[in-house]
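Taking it in order: structure first as structure tokens, then the write-up.
One-based numbering, in listed order, for ligands and for the atoms of each. Keep in mind that the numbers below use all heavy atoms, side chains included, and drop hydrogens, waters and symmetry copies.
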Amino acid sequence: MAYDPQNIFARILRGEIPAAKVLETDHALAFLDVGPVNKGHLLVIPKAEAATLSDLPDEAAAHVGALLPRLCRAVRAATGADALNIVVNHGEAAGQTVHHVHWHIIPRFPGDAVRWPWPHQSYADDEMEQMRSRIARALDAPESSS
Ligand code: AMP
């Protein structure tokens, strides 16, 4: 998907609308989700313009990834949650509504309102090997390493 510079997280990055920021670096920003699944739910975004994780340069992804353990520890300490879900919704069918890549850090509590687990399928016959092979070949294709 083409990057829309008017998306709400781009506007937060430009300072056009406010956000409850908890951490900012030269390359990333973490702030509270305004509609938290549970209170303390954080969003972490790279400053690079990328609609989805597939569009993000490796270095920008690595920078966000390196911030995640510290942010997880802070959310656990601040909320008292023992458990967290770290989620990236990639594309609309996966639930992405804001088209600037973001990581959710969601504190979880026993008996909270979140429904989990999601459903599981199974592979028939040689389907699993075929899928393994398709993904392995796609990893070697030039477009996957750009
Ligand atoms: P997703 O569905 O993965 O694209 O998640 C988008 C998230 O952004 C949702 O959880 C929203 O509650 C959150 N959100 C939308 N607008 C804002 C905003 N202005 N500040 C903080 N969080 C927001």
For Pro107 against Asn38, the heavy-atom pair lying closest together: O-ND2, 2.8 Å
Nearest-contact summary for atom 9 (C) of ligand 1 - protein heavy atom, Å: Asp33 OD2, 3.3 Å
Which residue and heavy atom of the protein sit nearest atom 5 (O) of ligand 1, plus the separation: His102 NE2, 3.1 Å
Distance-only N or O hit between ligand 1 and His104, under 3.5 Å: yes
Glu24 bridged to Lys47 by N-O distance under 4.0 Å: yes
Donor-acceptor pair, side chain of Asp33 and main chain of Gly35, under 3.5 angstrom: yes
Heteroatom proximity flag, Val98 to ligand 1, N/O under 3.5 Å: yes
Whether Trp118 and Trp116 hold their rings parallel, tilted or perpendicular, with breakpoints at 30° and 60°: tilted
Backbone of Ser54 reached by a side-chain donor or acceptor of His90 within 3.5 Å: yes
Test of proximity, Ile17 against ligand 1: N or O pairs below 3.5 Å: no
Numbered atoms and elements of ligand 1 in range of Thr97, under 4.0 angstrom, heavy atoms: 1 (P), 2 (O), 4 (O), 5 (O), 6 (C)
side-chain contact (heavy atoms from CB on, under 4.5 Å) between Arg76 and Asp82, intermediate numbers included: CA-CA 6 Å; Arg76 290 179 67 212; Asp82 274 340; 4.1 Å; yes
Element-labelled atoms of ligand 1 that are located less than 4.0 Å from some non-hydrogen atom of Asn89: 1 (P), 2 (O), 3 (O)
Residue, atom name and distance, where the atom is the protein heavy atom closest to atom 2 (O) of ligand 1: Gly95 O, 2.8 Å
Identity and distance of the protein heavy atom lying nearest atom 23 (C) of ligand 1: Val34 CG2, 3.4 Å
Donor-acceptor contact present, side-chain His63 to main-chain Glu59, <3.5 Å: no
For Gln96, the ligand 1 atoms whose distance to one of its heavy atoms is below 4.0 Å: 4 (O)
Side-chain (Asp112) to main-chain (Val114) donor-acceptor, under 3.5 angstrom: yes
Proximity to ligand 1 by part of Phe9, non-hydrogen separation under 4.0 Å: side chain
Non-hydrogen atoms of Tyr3 and His100 that approach each other most closely: OH-ND1, 2.7 Å
The one among Ile8, Val88, Ile45 that brings a heavy atom closest to atom 19 (N) of ligand 1: Ile8
Under 4.0 Å to a heavy atom of Leu43 - the qualifying atoms of ligand 1, by number: 8 (O), 13 (C), 22 (N)
Sub-4.0 Å heavy-atom contact, Leu32 with ligand 1: yes
